[in-house]
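Note sheet for the following structure.
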Protein chains: 2
Amino acid sequence: MRAVFYIASRSSDGARPGIREIAENINSPGHFLAKILQKLSKEGIICSVKGPNGGFYIEPQGLKRPLADIITALEGNEIFTGCAMGLSYCSESNPCPLHHEFKQVRNRLTQMLYNTSIGAFKQELLDGALTLNK
Amino acid sequence: MRAVFYIASRSSDGARPGIREIAENINSPGHFLAKILQKLSKEGIICSVKGPNGGFYIEPQGLKRPLADIITALEGNEIFTGCAMGLSYCSESNPCPLHHEFKQVRNRLTQMLYNTSIGAFKQELLDGALTLNK
DNA sequence: TTAATAAAGGACAAAAATGTCTTTTATTTG
DNA sequence: CAAATAAAAGACATTTTTGTCCTTTATTAA
């Protein structure tokens with residue numbers, strides 16, 4: 001789950017890096033990465049091409065999608081909706097003591113992840129160190 | 001890890017509920033609860049008395065401690081310090097693209113958990129539904 | 001002082017998350 | 001079309017987290 005954004009930043013700029021190349025650059029077990037990429041491509045976040053010279057890439061429109069989409073695809077959306085204390089009964093109509101205050105924090109996080117596109121994140125990475133080895 | 005705050009809210013008001021009593025009221029496996037309570041009592045957040053009529057309680061001064069202490073005791077403080085993306089290289093001097101913005105969100109959460117005492121949380125629970133069965 | 005009670009502690013078991021390996025399928029290039 | 005390449009897919013292994021059980025130790029009350 002860690003190695004998510006690396007793909008995003010690498011796979012673009014026209015090229016189509018393969019699993020091995022990506023794995024080396026982000027310092028992650030290749031076979032494990034493969035599974036994650038499979039999920040992401042099934043969810044339509046990244047695209048893949050089989051065969052020689054194949055690999056992964058992201059379409060221009062895909063770069064516009066928010067980081068939140070990646071999280072949702074990989075881990076579901078509990079982060080965006082769950083209670084701070086993990087209380088199952090907690091809801092808008094039956095809030096736990098921290099519910100309202102926490103909701104603000106959570107909403108801000110949600111906003112942040114929805115307002116930051118994969119492309120923007122990538123751009124900042126390229127501008128900076130690009131140290132993605134975990 | 002879920003069943004944390006329940007103890008806090010129950011064990012006070014002079015009584016010393018035992019594991020069984022607590023477990024039933026919060027709908028959690030008793031033996032598992034026991035381990036959590038052990039940790040918390042080792043950390044000095046709750047107190048325990050062995051023998052007949054023994055059980056768990058929290059001293060008045062303990063009620064003043066922030067919720068954050070419970071979290072730290074049980075899960076460490078990565079929540080309060082870690083990077084949103086789980087990037088190990090991310091730090092103040094080498095920030096990831098979301099670092100600064102996320103830090104604000106995280107600090108707000110931290111503040112919230114430090115400003116809310118166990119006692120205050122308990123009070124709100126007693127005032128409200130007190131539905132703590134998970 | 002002894003019997004009953006209840007937490008402490010450690011060993012063990014199950015489930016989930018993480019990671020590895022092998023086979024299959026699709027694509028491209030010669 | 002054949003061979004090589006690379007992702008897809010699923011089986012399998014390891015590790016971590018979560019949960020259970022049993023024995024020991026401390027305390028209280030009769």
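Because only heavy atoms are used, hydrogens play no part in the values below, and waters and symmetry mates are left out as well, while side chains stay in.
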* d(CD, B:E21; P, C:dA6) in whole Å -> 10 Å

* Given atom CG of A:L37 and atom P of C:dG19, what is their separation to the nearest angstrom? -> 14 Å

* Asked: Once you round to the nearest 0.5 Å, how far does OG of A:S91 lie from NE2 of A:H99?
  -> 6.5 Å

* Asked: Is a side-chain N or O of B:R16 found less than 3.5 angstrom from the main chain of B:N53, in a donor-acceptor match?
  -> yes

* Structure fact -> A:L74 atom CG is separated from C:dG19 atom P, nearest whole Å, by 13 Å

* Asked: Is B:S48 near enough to C:dA8 that one of its side-chain N or O atoms lies under 4.0 angstrom from OP1 or OP2?
  -> yes

* To do: Side chain of B:K42 only, please: which of C:dG9, D:dA8, D:dA9 is the nearest?
  => C:dG9

* Are the side chain of A:R65 and the backbone N or O of A:I70 linked by a donor-acceptor pair below 3.5 Å? -> no

* Checking B:R106 side chain against B:G82 main chain: does a donor-acceptor pair fall under 3.5 Å? -> yes

* Separation of C:dG9 P from B:I36 CD1 (nearest whole Å) -> 15 Å

* Measuring from A:F56:CZ to A:Q38:CD, what's the distance to the nearest 0.5 Å? -> 7.5 Å

* Asked: B:Q38 CD to D:dG19 P: how many Å, rounded?
  -> 16 Å

* Asked: Taking a hydrophobic cluster as the set of Ile, Leu, Val, Met, Phe, Trp and Tyr residues connected by side-chain heavy atoms closer than 4.5 Å, whether directly or through intermediates, do B:Y114 and B:I58 fall within one such cluster?
  -> no

* To do: Would you indicate whether the side-chain heavy atoms of A:E92 and A:H100 approach each other to under 4.5 Å?
  => yes

* Selected nucleotide, minimal atom distance to A:S41 side chain, candidates C:dA8, C:dA7, D:dA8 -> D:dA8

* Starting at CD of A:E43 and ending at C1' of D:dA8, how long is that distance when rounded to a whole Å? -> 15 Å

* Spell out protein contact along nucleotides 20-30 of chain C as letters: B when the base is contacted, S when just the sugar-phosphate is, - when no protein heavy atom is under 4.0 Å; keep the 5' to 3' order. => BBB--BSBB--

* Describe the nucleic acid contact of A:I19 in one word from base, sugar-phosphate, nothing, applying a heavy-atom distance below 4.0 Å. => sugar-phosphate

* Asked: Rounded to the nearest Å, what distance is computed from the OH atom of residue A:Y57 to the P atom of nucleotide D:dA6?
  -> 16 Å

